[in-house]
Asker: 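Can you read through this structure? Questions will come right after.
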Protein chains: 2
Amino acid sequence: MKAGLRELKRAGFKLTPQRRAILETLKSSGKHMSVEEIHEKVKTKCPHAGLATTYRTLDLLKELNLVTDINLGEEHKHYEWKRRHHYHLVCLECGDVVEFRSNFAIKIEKNVLKDYDFEITDRHVEFCGYCSRCAGGREG
Amino acid sequence: MKAGLRELKRAGFKLTPQRRAILETLKSSGKHMSVEEIHEKVKTKCPHAGLATTYRTLDLLKELNLVTDINLGEEHKHYEWKRRHHYHLVCLECGDVVEFRSNFAIKIEKNVLKDYDFEITDRHVEFCGYCSRCAGGREG
DNA sequence: ATAATAAATGAGAATAATTCTCAACTAGGG
DNA sequence: CCCTAGTTGAGAATTATTCTCATTTATTAT
Ligand SMILES: [Mn+2]
Ligand SMILES: [Mn+2]
Ligand SMILES: [Zn+2]
Ligand SMILES: [Zn+2]
């Protein structure tokens with residue numbers, strides 16, 4: 001059974017078409033999607049799907065640690081399917097979001113555990129600024 | 001002239017009592033405050049202060065890079081006066097927020113600049129999980 | 001397959017944070 | 001002191017998200 005469905009079932013939740021659709025949408029897109037975007041996509045599979053169900057399901061998937069929400073500085077949240085963990089670079093000019101990974105990230109987190117005895121279970125890391133394309137036109 | 005007021009003035013904004021109060025509130029508290037909390041405090045100085053002004057002023061101070069907003073997973077934002085930059089550890093159990101600083105943080109940011117040619121101007125870094133006190137009672 | 005049942009859903013109302021509107025007010029320059 | 005552009009307060013408006021509840025459905029047991 002596919003990842004995602006497995007965890008839902010294991011935790012005793014029903015595998016409804018809506019849940020399958022939301023799950024599949026997020027997993028296959030591989031991008032950061034707003035609730036509206038997800039819902040629009042889901043409606044192509046389940047035309048009667050209600051928006052509330054999308055909200056409920058995303059909450060559920062977050063509980064189960066299958067998705068994370070990210071704050072891109074917009075008024076609404078975005079969600080993404082949890083894969084290898086990474087941080088985000090958000091360009092304030094063009095809005096582009098780049099995923100970022102570094103060995104220092106791992107060191108930082110070990111640091112947190114050792115020095116603060118703090119056990120990290122989720123990360124919300126966004127570095128905001130200007131991407132290479134946009135930085136030039138600003139002042140340099 | 002005090003920090004904050006200086007930047008406001010330099011940018012051509014008027015130094016109203018409301019702006020002074022909001023500024024002073026955030027600076028002196030040194031903590032993360034919600035808009036409501038700030039507004040309550042401000043009203044002890046300016047009883048007629050309107051909530052909209054608090055929102056407007058916080059936006060303004062953010063523009064001027066004097067405050068940052070942080071997302072503590074609650075439904076509303078929190079603000080803090082910008083000092084030496086740091087990251088946050090947020091305990092999902094007791095809600096405690098600890099500030100965190102590390103040499104790796106500096107390295108990671110240099111990393112971002114070199115490898116991605118990305119110029120960081122603001123950070124939103126929250127590591128969520130369990131603090132030492134709360135981690136014990138969970139499973140260990 | 002059928003029935004029983006708890007869980008899940010959809011529609012729309014309700015809530016809560018934030019933004020907007022606009023007439024009245026005021027800081028600050030001259 | 002006067003002028004004026006900038007600022008404010010009150011409340012309406014907007015927007016994202018949550019809630020309510022009657023109806024439907026996935027799952028398990030018969
Ligand atoms: Mn991502
Ligand atoms: Mn802080
Ligand atoms: Zn850019
Ligand atoms: Zn704790």
Side-chain angles (χ1 to χ4, degrees), chain A residues 1-2 4-25 32-64 67-79, chain B residues 1-2 4-25 32-64 67-79:
Chain A
M1 181 172 285
K2 278 189 196 164
L5 297 182
R6 186 175 36 237
E7 289 82 353
L8 274 174
K9 169 138 275 206
R10 189 190 307 147
F13 295 103
K14 292 182 179 176
L15 301 185
T16 65
Q18 294 88 337
R19 284 175 178 165
R20 287 167 191 273
I22 291 166
L23 210 100
E24 199 47 47
T25 297
H32 319 112
M33 301 180 79
S34 70
V35 177
E36 282 296 343
E37 284 168 345
I38 295 167
H39 183 233
E40 282 313 309
K41 199 72 181 270
V42 162
K43 276 201 291 190
T44 68
K45 289 187 180 178
C46 309
H48 295 300
L51 182 55
T53 297
T54 301
Y55 275 103
R56 279 186 293 236
T57 303
L58 287 169
D59 273 355
L60 180 57
L61 295 175
K62 213 170 65 172
E63 288 294 309
L64 295 176
V67 307
T68 1
D69 51 2
I70 53 188
N71 190 322
L72 299 178
E74 296 181 59
E75 53 300 324
H76 48 252
K77 279 189 192 139
H78 288 242
Y79 289 84
Chain B
M1 182 171 287
K2 278 189 196 165
L5 296 181
R6 187 176 34 238
E7 288 81 353
L8 274 174
K9 169 138 274 204
R10 190 190 308 147
F13 294 103
K14 292 183 178 174
L15 302 185
T16 65
Q18 293 87 336
R19 284 176 177 165
R20 288 168 191 273
I22 292 165
L23 210 100
E24 200 47 46
T25 297
H32 318 111
M33 301 180 79
S34 72
V35 177
E36 283 296 343
E37 284 168 344
I38 295 167
H39 184 232
E40 282 314 308
K41 198 73 180 269
V42 163
K43 277 201 290 189
T44 68
K45 289 187 180 178
C46 309
H48 295 299
L51 182 55
T53 297
T54 301
Y55 275 103
R56 279 186 295 236
T57 302
L58 288 169
D59 274 356
L60 180 56
L61 295 175
K62 211 170 69 174
E63 289 293 310
L64 295 176
V67 307
T68 1
D69 51 3
I70 53 188
N71 190 322
L72 298 178
E74 296 180 60
E75 52 301 322
H76 48 252
K77 279 189 192 135
H78 288 242
Y79 289 85

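Chain naming here is simple, since letters A, B, ... match the order of the sequence lines and numbering starts at 1 in each. Quick caveat, the model's predicted, so the values are computed rather than measured.
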Asker: Just call it for A:Q18: base, sugar-phosphate, or nothing, with non-hydrogen atoms closer than 4.0 Å on any strand.
Answerer: sugar-phosphate

Asker: Among D:dT27, C:dA27, C:dG12, which nucleotide has an atom closest to any side-chain atom of A:A52?
Answerer: C:dG12

Asker: Remember a base hit wins even if backbone is also touched, and classify A:P17 as base, sugar-phosphate or nothing at under 4.0 Å, heavy atoms.
Answerer: sugar-phosphate

Asker: Would you mind telling me which residue lines up with the more 5' stretch of DNA chain C, B:H76 or A:G50, judged by nearest nucleotide?
Answerer: A:G50

Asker: Consider the side chain of B:K14, meaning its heavy atoms from C-beta on, and name the nucleotide among D:dT7, C:dG12, C:dA17 that approaches it most closely.
Answerer: D:dT7

Asker: Under a 4.5 Å cut-off applied to non-hydrogen side-chain atoms, are A:E24 and A:K45 in contact?
Answerer: yes

Asker: So, does B:H39 use its side chain to make a donor-acceptor pair with the main chain of B:Y55 at under 3.5 Å?
Answerer: no

Asker: Under 4.5 Å between any side-chain heavy atoms of B:H76 and B:H78, yes or no?
Answerer: yes

Asker: Taking the minimum atom-to-atom distance to the side chain of B:L15, which one of C:dA17, C:dT18, C:dG28 wins?
Answerer: C:dG28

Asker: Would you kindly give the NE2-to-C1' distance between B:H39 and C:dT18, to the nearest whole Å?
Answerer: 14 Å

Asker: I want to confirm an ordering. Mapping B:R20 and B:Y55 to their closest nucleotides on DNA chain C, which one lands closer to the 5' end?
Answerer: B:Y55

Asker: From the list C:dG28, C:dA17, C:dG10, which nucleotide is the closest neighbour of the side chain of A:A49?
Answerer: C:dG10

Asker: Looking for any heavy atom pair under 4.0 Å, which part of the strands does B:R19 touch: base, sugar-phosphate only, or nothing?
Answerer: sugar-phosphate

Asker: Please report the distance, rounded to the nearest Å, between CG in A:L8 and P in C:dT9.
Answerer: 10 Å

Asker: Going from OG1 on B:T53 to CG on B:L60, what distance comes out if it is rounded to the nearest 0.5 angstrom?
Answerer: 11.5 Å

Asker: Look at the side-chain N and O atoms of A:T16 and state whether any lies under 4.0 Å from the OP1 or OP2 oxygen of C:dT9.
Answerer: yes

Asker: Is there side-chain contact between B:K77 and A:N71, with at least one heavy-atom pair below 4.5 Å?
Answerer: no

Asker: Does B:R56 contact D:dG6 through a side-chain donor or acceptor facing the base, at a distance under 3.5 Å?
Answerer: no

Asker: Using only side-chain N and O atoms of A:T53, determine if any of them is under 4.0 Å from OP1 or OP2 of C:dG10.
Answerer: yes

Asker: Please report, rounded to the nearest Å, how far the P atom of D:dT8 is from the CG atom of B:L58.
Answerer: 12 Å

